[in-house]
Amino acid sequence: MPSGPSIGLVADLAQSPGQQYILAQGAYGFRIDKKRLHPAYLVWLSNYEPFRLYMKRHAVGSTQIHIRTPAFQDLEIPLPPIDEQRRIAAILDRTDAVRRKRQEAIALTEKLLRSAFLEMFGDPLINSKGWTLNKLGNLTSKIGSGSTPRGGEASYKLSGIPLIRSMNVYNYSFAYTGLAYIDEKQAKALGHVTVTQNDVLLNITGASVARCTIVPPSLTPARVNQHVAILRTKADLINSVYLVSLINSTTFKEKLLSLARSKGATREALTKDELQNLTIPVPPLEIQEKFADIEEKIVSTLDQYSRTVQQSDNFFNSLIQRAFRGEL
């Protein structure tokens, strides 16, 4: 593991060697020698890529992955002088604070979008305004997910046709960081899940299940992998922007999450049949479109915030790597 200007052994940095103890299930804790190791420096070190790789290499177990005490004690870490550790931790603290403020701005904007939807249409589960109800399958011309090209991530290209994954799909917004690309041959095999303008993207598996947005026009004709579903609305019945806001509304999101988690603790997923059979309120199209005009202005601001946060995340991650290589 790269050591920076000097290195230290974790076991040697404990206040009393041999007194390591478990703080809680799945978490190590130990009393550090604060004259040699600054606590905040150690916290940020856990985000350093070689540190993560070391932990991953030494992880054991199948049902509950963990690190055994000797492997943790034998870990060598970059250990500059204590004043330098404080300086590095302070820089990372300040940078992270800025990043978190931008994340808070996104959360507030999402709250504004949900409030605007609720004010105009009411709670979609209660349907107190008495809108016509219909099944999502009747309102869409396509509901389907894709797959990962043979070879997995190793088969991705540096450029070509975008392959949208769940990591790219957020509530109301799209994250370009980590966007994958495939070639024409790979794309042809996924021709049945070609994304077109105004398609709604919905995460259907994993921890990000139920996140939902509209595909950016610049990415069409993209493809999606198996963790993302395309919801292609019938434009004469339902507006894509309205559908995204309905799915992202507080109570409807909770319904989807509950449905996804009903398969058991080890699998969070929404099936095609479940999506097709979702009953949703459908206001008159002109009212949906009026709302869409309002929402698109707010989403434009949210998109700017999202891009700024992505840039901040990239900068912050780069800063961490530089800090523990002794380059900060």
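Note that this is a predicted model, so its numbers are computed, not measured.
- Sorted by first and then second residue, the salt bridge (charged side-chain N to carboxylate O under 4.0 Å, His left out) pairs involving residues 184-198 (not counting sequence neighbours) form an empty list.
- Here the shortest heavy-atom pairing between P78 and L45 reads CD-CD1, 3.9 Å.
- Annotation for K142: atom NZ counts as buried by contact number, over 12 foreign heavy atoms lying within 6.0 Å.
- Residues satisfying the side-chain hydrogen bond (donor to acceptor under 3.5 Å, both in side chains) criterion with T251, sequence neighbours excluded, are D123.
- Residues meeting the salt bridge (Lys or Arg N to Asp or Glu O under 4.0 Å) test with E49, sequence neighbours left out: none.
- Using a 4.0 Å cut-off between charged side-chain N and carboxylate O, D96 and R99 make a salt bridge.
- K129 NZ: more than 12 foreign heavy atoms inside a 6.0 Å radius.
- The CG atom of L125 lies 7.0 Å from the CZ atom of F252; values are rounded to the nearest 0.5 Å.
- Residues meeting the side-chain hydrogen bond (donor to acceptor under 3.5 Å, both in side chains) test with D199, sequence neighbours left out: T196, R232.
- When atom types are taken as modelled, the side chain of S258 and the backbone of K255 share no donor-acceptor pair closer than 3.5 angstrom.
- Taking a 6.0 Å sphere around NZ of K135, one finds it holds 12 or fewer heavy atoms contributed by other residues, nucleotides or ligands.
- Within the structure, ring pair (Phe, Tyr, Trp, His ring centres under 6.0 Å) pairs that include any residue of residues 84-136 comprise F117-F121, F117-Y242, F117-F291, F121-Y242, F121-F291 (at least two apart or interchain).
- Looking at residues two or more places apart in sequence or on another chain, you find a side-chain hydrogen bond (donor to acceptor under 3.5 Å, both in side chains) between E327 and R325.
- Contacts of S166 classified as side-chain hydrogen bond (donor to acceptor under 3.5 Å, both in side chains), with partners at least two apart in sequence or in another chain: none.
- How far OG1 of T271 is from CD1 of I143: 10.0 Å, rounded to the nearest 0.5 Å.
- Contact detail for P149 and L190: the closest heavy-atom pair is CG-CD1, 4.4 Å.
- For residues 215-239, there are no ring pair (Phe, Tyr, Trp, His ring centres under 6.0 Å) pairs, not counting sequence neighbours.
- Between the side chain of Q288 and the backbone N or O of P283 there is at least one donor-acceptor pair closer than 3.5 Å.
- The salt bridge (Lys or Arg N to Asp or Glu O under 4.0 Å) test applied to K157 returns D183, not counting sequence neighbours.
- Residues satisfying the side chain to side chain contact (heavy atoms under 4.5 Å, CB included) test with S128, not counting sequence neighbours, are I126.
- If you take CD1 on I82 and NZ on K34, they are separated by 10.5 Å, rounding to the nearest 0.5 Å.
- Side chain to side chain, T205 and Q226 fail the donor-acceptor criterion of an N or O pair below 3.5 Å.
- Formation of a donor-acceptor pair under 3.5 Å by the N168 side chain with backbone atoms of A175 is found in this model.
- A donor atom on one side chain and an acceptor atom on the other are found under 3.5 Å apart for S240 and T233.
- If you check the side chains of N171 and K253, you find a donor sitting under 3.5 Å from an acceptor.
- A side-chain donor from one of E295 and S245 sits under 3.5 Å from a side-chain acceptor of the other.
- Note on E104 versus R100: no salt bridge recorded, every NZ/NE/NH1/NH2 to OD/OE distance being 4.0 Å or above.
- The side-chain hydrogen bond (donor to acceptor under 3.5 Å, both in side chains) analysis of residues 85-94, with sequence neighbours excluded, yields the pairs W44-D93, D83-R86, E84-R87.
- For E153, the salt bridge (Lys or Arg N to Asp or Glu O under 4.0 Å) partners at least two apart in sequence or on another chain are R165.
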Would Y170 and Y172 count as a ring-ring contact (aromatic ring centres under 6.0 Å, His included) here? Give the steps. CA-CA 6 Å; Y170 281 77; Y172 303 104; over 10 Å; no
